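Heads up: the structure comes next, in structure tokens.
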Amino acid sequence: MLLLNPGPVSLSERVRRSLLQPDLCHRESEFFDLQDEIRARVLATHELDPAVWTAVLMTASGTGAVESMVAALVPEAGRVLIAENGVYGERIAQICAQYRITHDRIGGDWLQPLDPAAIAARIESASAGARYSHLAVVHHETTTGRLNDLERLGELCRASGARLLVDGVSSFGAERLDFGDQSLTAVAATANKCLHGVPGVSFVIVRRAAVAEAVSRTYYLDLGRLARQQDQRNTPFTPAVPAYYGLLEALREFAAEGGRPARHRRYAALAAQVRAGLAALGVESMLPAEQSSVVLRSYRLPIGVAYGTLHDALKAGGFVIYAGQGRLAQTLFRISTMGAVTAADLDRLLECFAAILR
Ligand SMILES: *Cc1c(COP(=O)(O)O)cnc(C)c1O
């Protein structure tokens, strides 16, 4: 079965084999060597200076990393503006609500790009006592496949002094992130999307200066404590050791294959192949290619074709696609090209589509 859902991904043989390594006690030096190498390689994906940035690992899915980031980095007196256009932006707002973090939301239409002018106006209109300390946004909104424009949002943050918090869970490793942007404070990401590891470990890349001031709102996901302990070759809880094995091998493979630019090129070619193939069958893309990520694209369900029927027929052919979420469930379906997926696999997928739609 080939997974074309937005994580977990189909594994390479190299990563799959790495899962079956020796049993490891997480209080022994072998585990801390593993933890150290993963943390170093995560920073190396973007050539980040370990004196400025740190990669903090946790045993959780991607949501855990986003929650840990938001709960730790917004101070008690802080105020977050959430620019949202999908399920995952909405989730950041839910996390803020859960922790009683003062926040406002802007955007909201899942099929529209974020409006930088409206966001700028909102930031500027905040009164002196209610300035936004942080702007939070999803880089690649997996709900629709839209790539939000972080460059523009970074400019707004730098102009206003707000810090940028990014959910990069479905973009990290493939889409460009500018860590040179002084407003960019943290990025949350996971092993089992564009990095091609297995579920169970996620991480936050955060400026050391910011994590040093972290607040402690949660017990398990406490980013400050995780960072301090990992710097001391320690860990507060039992990590998902096999997932760590998988992530390390995936990071080695990532580097050997040419790093982020190579992964971006590979995904871009696969995404274009699916888009062109489906267009030839009369299946429309929901978003223009230039507004979409290379990671995942959404397509309009053809008239008269129920998602369930399409899904089941493709699954019988060996492919798992993904439904639209929430109010988009009846409108669209999604195809991700992350993971060990080849052009030949996608040729077979398109033949399968042609047979179903005929
Ligand atoms: C997948 C995803 C997440 C996290 O989902 P989990 O199921 O917790 O791994 C968060 N944000 C975005 C944008 C995602 O695509």
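None of these values were measured; they are calculated from a predicted model. Only this structure's heavy atoms are used, side chains among them; waters, hydrogens and symmetry mates stay out. Every number for a ligand or one of its atoms is a count from 1 in the order of the listing. Residue numbers start at 1 and run along the sequence shown.
- Hydrophobic cluster membership for Leu357: Leu2, Leu4, Leu270, Val274, Leu278, Leu281, Val283, Tyr299, Leu301, Val305, Tyr307, Leu310, Leu314, Phe319, Ile321, Phe333, Ile335, Val341, Leu346, Leu349, Leu350, Phe353, Ile356 (Ile, Leu, Val, Met, Phe, Trp, Tyr linked by side-chain heavy atoms under 4.5 Å, directly or transitively).
- Remark: the Thr185 side chain and the Arg207 side chain contain no N/O donor-acceptor pair separated by less than 3.5 Å.
- Near ligand 1, residues Ser61, Gly62, Thr63, Tyr88, Arg91, Val138, His140, Thr142, Asp167, Val169, Ser170, Lys193 come within 4.0 angstrom through at least one heavy atom.
- No option in Arg176, His139, Lys193 other than His139 meets the side chain to side chain donor-acceptor pair (under 3.5 Å) test with Ser171.
- Classified by interplanar angle (parallel below 30°, tilted 30° to 60°, perpendicular above 60°), the ring pair Phe172/Phe179 is perpendicular.
- What you find for Ser10 and Leu3 is that their closest heavy atoms are OG-N, 2.9 Å.
- No more than 12 heavy atoms of other residues, nucleotides or ligands shown are found within 6.0 angstrom of CD on Glu151.
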